Q: 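Structure provided below as structure tokens; questions to follow.
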2 protein chains.
Amino acid sequence: MIVKNSIKRLLQYQMCLVRLRELGFEKVYSYVLGREAGVTAEQVRKDFSEFEIRGKRKGGYSVDETLDKLHEIFRKNVMQEVILVGMGNIGTALSRYECGFTEKRKYIVAAFDIDPSKLKRNADIPVLPVEEMEDYIREKGITVAIIAVPAISAQDVCNRLIGCGIRGIMNFAPIILKTPPHIVIDNINLCNVLEGVIYCSWYGKDSCGCE
Amino acid sequence: MIVKNSIKRLLQYQMCLVRLRELGFEKVYSYVLGREAGVTAEQVRKDFSEFEIRGKRKGGYSVDETLDKLHEIFRKNVMQEVILVGMGNIGTALSRYECGFTEKRKYIVAAFDIDPSKLKRNADIPVLPVEEMEDYIREKGITVAIIAVPAISAQDVCNRLIGCGIRGIMNFAPIILKTPPHIVIDNINLCNVLEGVIYCSWYGKDSCGCE
DNA sequence: ATGATAATGTTAAAATTTTCACATTAAATG
DNA sequence: CATTTAATGTGAAAATTTTAACATTATCAT
């Protein structure tokens with residue numbers, strides 16, 4: 001299962017709205033938000049319509065009300081606990097990453113690694129041996145995981161995660177994981193993203209479609 | 001300008017083919033490659049058709065020939081030099097990241113940071129002060145950059161990059177950069193990706209569209 | 001050889017996504 | 001208070017993307 005584009009845009013809008021609020025905006029028009037989020041005004045209105053976010057016919061959208069609605073949609077009030085598997089370069093960076101714009105909440109509650117030298121049971125985000133992974137997930141009722149292990153072991157890790165109740169996976173291993181259809185997965189292949197940018201920057205507009 | 005989906009899939013195919021070759025495959029059928037890459041066989045054939053990658057009516061696609069074609073499309077023989085701006089968590093991880101599956105080439109040739117304590121002029125990937133960024137880019141003729149600075153300074157960095165000839169940007173700052181239409185940009189908002197996965201893992205299939 | 005088979009390649013259809021157009025309505029203005 | 005204005009909200013159109021169907025052709029078996 002793949003995350004829908006409209007969901008991704010909604011998250012963009014959320015991010016933009018937080019920033020606009022910081023800048024003192026109390027209301028925002030679809031074309032302003034569109035400009036900020038890099039989409040058309042029509043797209044903003046259509047997306048908002050789909051999720052029943054309403055504005056005022058002349059006055060645009062209330063920043064606060066819209067953010068409230070978005071926070072509700074994305075359950076910002078509920079604690080979102082996520083585990084991280086693999087404390088290599090990417091894993092370590094993620095464990096330290098604080099997103100600049102969205103409201104802060106606790107994301108990663110524990111990390112797991114196979115390498116004994118990386119374990120840190122008492123750190124802020126404890127790094128535990130992978131043997132304890134399944135028990136931890138079951139005990140805490142975790143449902144979302146980040147895979148940041150080498151490609152060779154990613155499918156195995158994935159299977160184990162699904163086996164103990166994980167339903168959503170953000171995967172950084174450069175491999176397409178095979179999962180049952182109800183599992184949500186987002187593959188982020190950093191090399192491929194870069195290659196795509198390089199390709200399009202060479203071949204130009206026509207080869208890459210839209211604007 | 002956004003990177004087209006078919007380009008992204010082509011890169012997936014490339015990755016899968018490298019792996020299949022390592023496993024000893026000499027030819028591959030569209031449905032096998034589709035399975036590996038997480039798409040349908042028709043999609044594979046359609047994409048290959050678009051880029052004039054041909055197979056044999058019964059024998060499938062030659063792994064080597066297809067990879068040659070893909071390498072040509074993505075100019076794997078040409079050195080692809082990229083610079084990195086911002087040596088925080090993400091930047092540092094990227095500077096150390098070796099993609100597991102695609103052929104190795106030199107990607108990041110230099111990094112830039114504003115913090116004097118992070119500079120390392122003689123490292124494998126030198127970390128230089130941002131003041132030297134423009135000169136470096138112009139001198140070496142770099143055209144692609146990775147932005148991994150805080151959101152607050154990302155637009156400024158972006159403007160400077162474009163000003164000295166950068167045409168493609170992979171952006172990790174949680175903000176939509178405003179760029180002229182011919183600039184290629186791929187925004188990777190890690191928090192939003194995770195939020196999207198969390199959302200869909202809660203609300204399930206129907207809310208996230210396709211399979 | 002020759003026919004059956006099993007894959008590709010391509011054209012058409014379906015589905016999805018985005019854009020457009022405009023009716024609607026709240027606010028501002030005189 | 002009526003009129004104008006400037007935004008939203010939505011249904012239809014357009015564009016894009018994906019899927020299906022099937023004609024084509026290389027291979028394999030007899």
Side-chain angles (χ1 to χ4, degrees), chain A residues 1-13 17 20 25-66 69-70 176 181 196 200 205-211, chain B residues 1-13 17 20 25-66 69-70 176 181 196 200 205-211:
Chain A
M1 184 161 65
I2 300 292
V3 179
K4 219 172 156 183
N5 281 340
S6 62
I7 302 290
K8 295 194 175 183
R9 284 195 301 267
L10 237 54
L11 288 159
Q12 287 286 9
Y13 303 149
L17 285 166
L20 288 169
F25 282 72
E26 291 185 352
K27 64 179 187 178
V28 67
Y29 300 135
S30 57
Y31 74 91
V32 174
L33 188 52
R35 175 151 38 81
E36 288 305 304
V39 302
T40 63
E42 293 78 22
Q43 186 78 81
V44 172
R45 296 207 301 273
K46 198 88 199 189
D47 287 335
F48 278 8
S49 175
E50 181 184 343
F51 288 87
E52 289 168 321
I53 293 170
R54 309 281 169 198
K56 283 184 185 166
R57 289 276 165 167
K58 202 167 176 184
Y61 301 88
S62 151
V63 173
D64 279 337
E65 279 173 33
T66 308
K69 198 80 204 282
L70 287 167
I176 299 294
C200 287
K205 202 161 186 166
D206 296 331
S207 47
C208 296
C210 45
E211 205 227 3
Chain B
M1 184 162 64
I2 300 292
V3 181
K4 221 172 153 182
N5 281 341
S6 61
I7 302 288
K8 296 193 175 183
R9 285 194 301 267
L10 237 54
L11 288 159
Q12 287 287 8
Y13 303 149
L17 285 166
L20 289 169
F25 282 73
E26 292 186 352
K27 64 178 188 179
V28 67
Y29 300 136
S30 57
Y31 73 90
V32 174
L33 188 53
R35 176 151 38 80
E36 288 304 304
V39 303
T40 63
E42 293 78 22
Q43 186 79 81
V44 173
R45 297 207 299 275
K46 193 91 205 197
D47 288 334
F48 278 9
S49 174
E50 181 184 342
F51 288 87
E52 290 169 320
I53 293 171
R54 309 283 170 197
K56 283 183 185 168
R57 290 275 166 168
K58 200 169 178 182
Y61 301 87
S62 152
V63 172
D64 279 337
E65 279 173 33
T66 308
K69 198 79 205 282
L70 287 167
I176 299 293
C200 286
K205 203 161 185 166
D206 296 330
S207 48
C208 296
C210 45
E211 202 226 7

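Everything numeric in this text was worked out from a predicted model, so none of it was measured. FYI, side chains are in, hydrogens and waters are out, and symmetry mates aren't considered; it's all heavy atoms of this structure.
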Q: Rounded to the nearest angstrom, tell me the gap between atom NZ in Lys4(B) and atom P in dT18(D).
A: 11 Å
Q: With a cut-off of 3.5 Å and sequence neighbours excluded, list every side-chain donor-acceptor pair involving residues 53-60 of chain B.
A:
none

Q: Once salt bridge (Lys or Arg N to Asp or Glu O under 4.0 Å) is applied, what residue pairs with a partner in residues 39-48 of chain B remain, sequence neighbours excluded?
A: Arg9(B)-Asp47(B)
Q: Should Leu20(B) and Leu33(B) count as side-chain neighbours, where that means a heavy-atom distance under 4.5 Å?
A: yes
Q: Tell me: CZ of Phe51(A) to C1' of dG9(D), nearest whole Å?
A: 16 Å
Q: Arg54(A) side chain N/O closer than 4.0 Å to the phosphate oxygens (OP1, OP2) of dT10(D)?
A: yes
Q: Measure from CG on Asp47(A) to P on dT8(D) and round the result to the nearest Å.
A: 14 Å
Q: Report the distance from atom CD1 of Ile2(B) to atom P of dT17(D), rounded to the nearest whole Å.
A: 12 Å
Q: Residues two or more places apart in sequence or in another chain: which of them pass salt bridge (Lys or Arg N to Asp or Glu O under 4.0 Å) with Lys27(B)?
A: none
Q: Suppose the criterion is salt bridge (Lys or Arg N to Asp or Glu O under 4.0 Å): which pairs have a residue in residues 32-41 of chain A, not counting sequence neighbours?
A: Arg19(A)-Glu36(A), Glu36(A)-Lys178(B)
Q: With sequence neighbours left out, what residues match Tyr61(A) under ring-ring contact (aromatic ring centres under 6.0 Å, His included)?
A: Phe48(A)
Q: With sequence neighbours excluded, what pairs up with Phe25(A) under the ring-ring contact (aromatic ring centres under 6.0 Å, His included) test?
A: none
Q: For nucleotides 25-30 of chain C, list the nitrogen or oxygen atoms of the protein found under 3.5 Å from its nitrogen or oxygen atoms, one pair per line.
A:
from	atom 1	to	atom 2	distance (Å)
dA27(C)	N3	Lys58(A)	NZ	3.4

Q: Measure CD/Glu65(B) against P/dT8(C) and give the value in whole Å, please.
A: 14 Å
Q: If we only count heavy atoms from C-beta on, is the Ile7(B) to Phe51(B) side-chain gap below 4.5 Å?
A: yes
Q: For Ile53(B) and for Asn5(A), locate the closest nucleotide of DNA chain C by heavy-atom distance; then report the residue assigned to the nucleotide nearer the 5' terminus.
A: Ile53(B)
Q: Within the 4.0 Å heavy-atom criterion, would you say Phe48(B) contacts the bases, only the backbone, or no part of the nucleic acid?
A: nothing
Q: Does a nitrogen or oxygen in the side chain of Ser49(B) sit under 4.0 Å from OP1 or OP2 of dG9(C)?
A: no
Q: How many Å lie between NZ on Lys8(B) and P on dT18(D), as a whole number?
A: 12 Å
Q: Let's see if you get this right: which residues in residues 30-46 of chain B place a heavy atom under 4.0 Å from DNA chain D?
A: Thr40(B), Glu42(B), Gln43(B), Arg45(B), Lys46(B)
Q: Please confirm whether the backbone N or O of Glu52(B) pairs with a side-chain atom of Lys69(B), one donor and one acceptor, at under 3.5 Å?
A: yes
